[in-house]
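Being a predicted model, the structure only gives us computed values, none of them experimental. Excluded from the calculations below are hydrogen atoms, water molecules and symmetry mates; all remaining heavy atoms, backbone and side chain alike, are included. Protein chains get the first letters and strands the later ones, always in sequence-line order, with residue 1 at the start of each.
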Amino acid sequence: MRYPARRIEKKWQQRWQKEKTYEVSISDRPKYYVLDMFPYPSGAGLHVGHPLGYIASDIISRHKRMQGYNVLHPMGYDSFGLPAEQYAIQRGIHPQRATEENIEKFRGQLENIGLSYDWSRELKTSDPRYYQWTQKIFLLLYGHFYDTDADGARPIDQLESYFDKNGSEGVPAIGGEELDFTALEWRNMDRKEREEVLMNYRLAYRKISYVNWCEALGTVLANDEVVNGVSERGGHPVIQKPMLQWSLRITAYAERLAAGLQELDWSDALIAQQKNWIGRSEGATIRFDLQDVSGSIEVFTTRPDTLYGCSFMVLAPEHDAVGKLTTSSQEKEVQQYIDYASSRSEIERMSDKKVSGAFTGGYATHPLSNKPLPIYISEYVLKDYGTGAIMAVPAHDERDQAFARHFDLPIPQVVDQSEYPGASPQDKVGKMIHSEFLNGMSVEKAIEAAIVALEKEKNGRRTINYKLRDANFSRQRYWGEPFPITYDTEGVPHTVPFEELPVRLPKLEKIQQKEGKSPLSFADDWVQMENGHRREVDTMPGFAGSSWYFLRYMDPHNEGEMFSRDAVDYWRDVDCYVGGTEHAVGHLMYARFWHKFLYDLGKVPTKEPFRKLINQGMIQGRSLLLDITQRNQQRSIHVPIDRADEKDRLFKSDFLELQAEDRRFEGIDAERDLPWQFDEEQRAFLPLRADIEKMSKSKHNVVNPDDVIEEFGADGFRMFEMFLGPIEDHKPWDTQSITGIVKFLHRCYDLYFT
RNA sequence: GCCGAAGUGGCGGAAUUGGUAGACGCGCUGGAUUCAAAAUCCAGUGGUAGCAAUACCGUGUGGGUUCGAUUCCCACCUUCGGUACCA
């Protein structure tokens with residue numbers, strides 16, 4: 001007898017819903033928290049790839065429940081974001097409405113799969129009852145600085161009292177740049193000046209940063225809308241445009257974010273990606289005094305041992321000291337080079353790494369040998385890494401050597417075993433030579449000795465450097481969290497008091513982005529406040545809401561606070577987190593950062609939010625492509641899979657239908673441009689090329705789980721996805737072999753009901 | 001270039017404190033059922049030789065450790081993912 005899957009599944013799904021089977025609350029049983037990365041509710045709905053992770057986490061949840069754990073297993077929606085906004089601009093449907101509709105569709109599909117979520121805890125990041133707390137965390141970040149003595153976040157007023165007493169001298173805080181003022185100067189500053197000083201230390205702060213500006217589209221683009229230096233839509237050039245924007249000082253947490261990785265049960269690949277992104281490297285900062293002009297240049301190096309091998313210096317073309325260093329005879333050449341470097345786009349720099357640079361005419365003094373070192377500028381030194389300046393050691397660094405050869409500079413060797421050309425600075429082997437007091441030491445010992453000597457001479461210090469950059473937190477978009485910030489007539493930022501949150505997103509009739517202005521700037525009534533202040537018109541980025549949602553699930557209906565102490569003391573952290581690798585360095589890094597910040601504030605008891613992480617692979621779709629050659633131009637068009645026959649052929653009548661419906665087929669001459677073939681019955685068909693690719697609407701290869709469940713039942717669908725292969729692997733959806741699983745289910749049923 | 005992961009039948013893939021390689025499924029072959037088909041059920045299915053019992057070969061390649069290696073060690077090749085002038 002056939003297993004009547006749908007009848008039985010519907011009965012139980014309804015009963016779970018009626019009896020609230022999977023709703024949980026704090027109890028004296030041990031807890032287990034299983035979390036899926038919540039989806040962005042796109043208009044396309046779920047395809048069979050999405051539930052792979054949800055099914056796996058559901059199996060873990062049910063297993064843990066059977067073992068006696070009190071299992072928290074919630075689901076929600078990351079419902080702010082760009083696609084809803086673009087859809088709104090194109091179709092005139094408000095993102096609020098589109099999002100609501102999409103969530104309805106998602107929830108229906110998820111319920112159909114029979115996942116054991118506690119639906120009473122469902123949350124949406126675009127809900128004011130949720131985003132008021134996202135705004136509050138922003139205000140907390142704004143109201144704190146990173147105290148290096150306490151090694152954690154502390155209220156900004158503690159910094160103010162420090163300035164009152166000591167000025168900037170020895171301030172134990174991580175700041176953007178080093179400031180220098182006395183206590184008296186601080187006390188004499190007006191509000192605006194003080195605010196500028198504090199901005200340098202706040203964990204959420206405003207500074208000039210660069211956005212992707214597309215002149216042709218007249219708009220600011222997100223990073224993923226820029227592909228290879230041009231806009232994804234239209235292929236127009238994109239330039240970097242400076243704008244005053246909010247940033248988060250994630251770099252203050254770099255050390256703890258790197259160190260915390262050790263205690264996580266994550267895959268090696270993911271740990272490696274995070275490590276790489278943080279880019280921690282140990283070394284020294286060394287000061288080189290300038291000759292003829294006052295001042296000095298600091299460089300960062302991981303190889304202070306090779307200091308005696310330094311024969312010149314190189315600055316990034318944008319380095320602050322370039323102006324004063326440049327001698328009048330070199331001025332023209334330097335200016336030409338700066339113009340050249342700034343005209344080079346990202347793509348050009350990446351594809352064409354030729355040696356180039358210019359001599360400034362200036363010299364620095366070697367801090368140990370006192371020899372003069374010529375100072376060059378070159379684009380191979382990056383303004384954003386280290387100090388934007390290097391000491392060049394051409395004998396033991398490939399790039400420095402190429403530069404030295406090009407400009408005919410000396411290449412003194414200081415390590416004996418290091419291979420002469422192209423030796424990597426990472427190869428810390430060999431003994432020191434031609435290096436005065438370092439001679440004969442191993443590289444490892446010499447690094448230490450050099451740092452000690454530099455610190456003694458007060459022209460250098462031990463330094464740990466990070467690749468990690470502060471996170472840009474402003475978006476010139478509508479569909480995101482408004483900032484709880486207003487500006488007075490002098491442009492000084494003010495916070496909206498906690499009790500006035502949420503700052504609600506105003507409903508706009510028309511969402512527009514003109515001349516690089518945010519859509520909210522056109523909402524005059526909202527922007528202009530009665531007290532004369534104007535509201536911040538940018539919104540927060542997509543990662544804001546997703547950086548703490550796992551905490552809100554613990555206490556989702558709390559109206560008085562983001563979550564209660566009791567809830568977070570019981571549920572603590574996520575025991576098992578399931579999601580895709582695409583969030584390896586974005587979401588997972590920001591969430592860990594916010595969690596550590598909340599830990600510093602004593603709001604959460606754990607240092608890391610996600611104990612164990614499983615990255616499910618992608619389920620790919622089989623797509624069919626029609627290759628055509630038109631006027632000697634090759635191109636391929638995706639053909640909906642259900643239009644082809646089982647031999648991947650597209651018959652002429654189907655092609656003509658497609659051509660009438662689908663504008664992608666416009667302009668093709670059915671007779672002339674297509675490689676028609678004929679079957680035994682002399683019917684014309686086109687051979688299609690099959691390809692395994694990511695499932696997406698645009699590729700016409702999407703399989704909807706609802707269809708699969710209707711045919712084979714939720715259990716058949718779930719088991720099949722689990723049997724497809726290892727959870728972490730990418731693998732193509734293959735409808736053919738699902739029958740084996742379904743037969744198995746029927747046979748099980750037959751054991752009891754024949 | 002650097003970092004990470006992985007290479008097993010026609011296909012997806014099992015098996016690791018070192019102990020019968022190929023579980024389970026797809027596909028294929030033969031059979032049962034049927035007027036016929038679909039569906040279902042039974043049997044077989046790594047390669048080579050043989051009627052057969054059986055023998056030999058076999059987990060990317062080449063070495064090594066071991067009574068015994070898909071599993072451990074060394075070198076290399078290939079594929080995938082990340083990252084890239086990071087000092």
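- Between A:Arg7 and A:Glu9, no side-chain nitrogen of the basic residue sits less than 4.0 Å from a carboxylate oxygen of the acidic one, so the salt-bridge criterion is not met.
- Closest to the side chain of A:Tyr380, from the set B:G13, B:U83, B:C85, is B:C85.
- Rounded to an integer number of Å, the gap from A:Asp400 CG to B:C86 C1' is 13 Å.
- Look at B:U65: it lacks any Watson-Crick or wobble partner with both distances under 3.5 angstrom.
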Between the protein and nucleotides 25-30 of chain B, are there any N/O to N/O pairs under 3.5 Å, and if so, what are the atom names and distances?
| from | atom 1 | to | atom 2 | distance (Å) |
| --- | --- | --- | --- | --- |
| B:C26 | OP1 | A:Lys743 | NZ | 3.3 |
| B:C26 | O2' | A:Gln736 | NE2 | 3.3 |

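- Spacing of C1' atoms, B:A32 relative to B:A38, comes out at 16 Å, to the nearest Å.
- Counting non-hydrogen atoms under 4.0 angstrom, A:Glu379 reaches a base of the nucleic acid.
- Between B:U83, B:G13, B:G4, one nucleotide has an atom nearer to the side chain of A:Trp277 than all others, and that is B:U83.
- To the nearest angstrom, P of B:C86 lies 19 Å from CD1 of A:Ile278.
- Counting only heavy atoms from C-beta on, A:Tyr385 has its side chain closest to B:A87 among B:G4, B:A87, B:C85.
- B:A21: no Watson-Crick or G-U partner with both key distances under 3.5 Å is found in any strand.
- B:A87 atom C1' lies 12 Å from atom CZ of A:Phe288, rounded to whole Å.
- Rounded to whole Å, atom P of B:C86 lies 18 Å from atom CD of A:Glu282.
- Taking atom P on both nucleotides, B:U59 is separated from B:U71 by 9 Å, rounded to a whole Å.
- Nearest heavy-atom pair across A:Phe610 and A:Leu264 is O-CD2, 3.4 Å.
- The CD atom of A:Gln274 sits 13 Å away from the P atom of B:U83 (whole-angstrom rounding).
- Figure legend. B:U48 is base-paired to B:A55; pairs are counted as Watson-Crick or G-U wobble with both atom distances under 3.5 Å.
- Remark: B:C35 base-pairs with no nucleotide in the shown strands. Criterion, Watson-Crick or G-U wobble with two distances under 3.5 Å.
- Note on A:Leu724: only backbone sugar-phosphate atoms sit closer than 4.0 angstrom, heavy atoms only; bases stay farther off.
- Rounded to the nearest Å, the gap between the P atom of B:A21 and that of B:U54 is 15 Å.
- Each of A:Asp268 and A:His730 was assigned the nucleotide of RNA chain B with the nearest heavy atom; the assignment lying further toward the 5' end belongs to A:Asp268.
- A glycosidic torsion no more than 90° from 0 defines the syn conformation; B:G10 lies beyond that range and is anti.
- Nucleotide B:A87 holds its P atom 18 Å from the CD atom of A:Glu298, rounded to whole Å.
- A:Val381 comes within contact range of at least one nucleobase, with a heavy-atom separation under 4.0 Å.
- Per the geometry, CD belonging to A:Glu398 stands 13 Å off C1' belonging to B:A84, to the nearest Å.
- Nucleotides B:U61 and B:U8 have their P atoms positioned 10 Å apart, rounded to a whole Å.
- In this model, a donor atom of one side chain and an acceptor atom of the other lie less than 3.5 Å apart for A:Gln291 and A:Thr365.
- Pair assignment for B:A84 gives none, since no Watson-Crick or G-U wobble pairing has each distance under 3.5 Å.
- Between B:C26 and B:G81, the two C1' atoms lie 28 Å apart (nearest whole Å).
- Put simply, the side chain of A:Gln330 gets close to the backbone of A:Phe359: a donor and an acceptor are under 3.5 Å apart.
- Aromatic rings from A:Phe717 and A:Phe720 are positioned such that their centres are separated by 6.0 Å or more.
- Aromatic ring centroids of A:Tyr380 and A:Phe403 lie under 6.0 Å apart.
- When each of A:Arg469 and A:Asp729 is assigned the nucleotide of RNA chain B with its nearest heavy atom, A:Asp729 is the one assigned upstream, toward the 5' end.
- Pairing of B:U29, defined by two Watson-Crick or G-U wobble distances under 3.5 Å, is identified with B:A43.
- Nucleotides B:A23 and B:C11 have their P atoms positioned 15 Å apart, rounded to a whole Å.
- Spacing between B:A14 and B:C67 at atom C1', rounded to whole Å, works out to 27 Å.
- Residue A:Asn615 contributes atom CG, which lies 12 Å from atom P of B:G82 at whole-angstrom precision.
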Can A:Tyr3 and A:Ile8 be said to form a side chain to side chain contact (heavy atoms under 4.5 Å, CB included), step by step?
CA-CA 9 Å; A:Tyr3 168 55; A:Ile8 292 175; 3.5 Å; yes

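- Closest approach to the A:Pro726 side chain among B:G4, B:C85, B:G13 is made by B:G13 (side chain taken as heavy atoms from C-beta onward).
- Remark: B:U78 base-pairs with B:A6. Criterion, Watson-Crick or G-U wobble with two distances under 3.5 Å.
- Separating the P atom of B:G60 from that of B:G9 is a span of 8 Å, rounded to the nearest Å.
- Not a single donor-acceptor pair under 3.5 Å links the side chain of A:Asp416 to the backbone N or O of A:Gly430.
- The structure places NE2 of A:His50 at 10.5 Å from CD1 of A:Ile619, a figure rounded to the nearest 0.5 Å.
- One finds a salt bridge joining A:Arg462 and A:Glu448 here, because a Lys/Arg side-chain nitrogen approaches an Asp/Glu carboxylate oxygen to under 4.0 Å.
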